[in-house]
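Read the structure below first, then the notes.
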Amino acid sequence: MSVTRKDSPCRGFCTTALGDDVCKSCGRTFEEVTFWNQFSEEQKQAVWQRLEKAGDNPGTGPSPAETA
């Protein structure tokens, strides 16, 4: 079964811009956020799988900005 995902786990409220090493919104590291557009499909899939396994499920609900 194929999983359809957004292009990026970004939820529009990046806390790495505020100095966090890991974004509290999407769960990606600073490096993953910074270099996402340069990642290969395999690298992106690895990040998606880690996030989903961790239960972050980015992109499946409102962003923190939408719930504030």
* Looking at CG of Asp20 and SG of Cys14, how far apart are the two atoms once the value is rounded to the nearest 0.5 Å? -> 8.5 Å
* **All side chain to side chain contact (heavy atoms under 4.5 Å, CB included) counterparts of Glu41, not counting sequence neighbours** => Lys44, Gln45
* What pair of heavy atoms forms the shortest contact from Gln38 to Gln43, and how long is it? -> O-OE1, 4.4 Å
* Closest approach of Leu51 to Arg28 (non-hydrogen atoms, all atoms of both residues) -> CD1-CG, 4.0 Å
* **side chain to side chain contact (heavy atoms under 4.5 Å, CB included) against Thr34, all qualifying residues, sequence neighbours excluded** => Phe30
* Check side chain to side chain contact (heavy atoms under 4.5 Å, CB included) between Gln49 and all other residues, then give those that pass, not counting sequence neighbours. => Arg5
* Reported SG-to-CD distance for the pair Cys10 and Glu32, which is rounded to 0.5 angstrom -> 13.0 Å
* Structure fact -> Smallest heavy-atom separation, Arg50 atom then Gly27 atom, equals NH1-O, 3.6 Å
* Structure fact -> Residues passing the side-chain hydrogen bond (donor to acceptor under 3.5 Å, both in side chains) test with Glu42, sequence neighbours excluded, are Ser40
* **Nearest-0.5 Å distance, CG of residue Asp21 to OG1 of residue Thr15** => 9.5 Å
* Could you tell me which residues satisfy ring pair (Phe, Tyr, Trp, His ring centres under 6.0 Å) with Phe39, sequence neighbours excluded, listed by chain and number? => Trp36
* Structure fact -> Value for SG (Cys26) from CZ (Phe13), rounded to nearest 0.5 Å, stands at 12.0 Å
* Thr29 to Thr16 - nearest heavy-atom pair and separation -> C-CG2, 4.5 Å
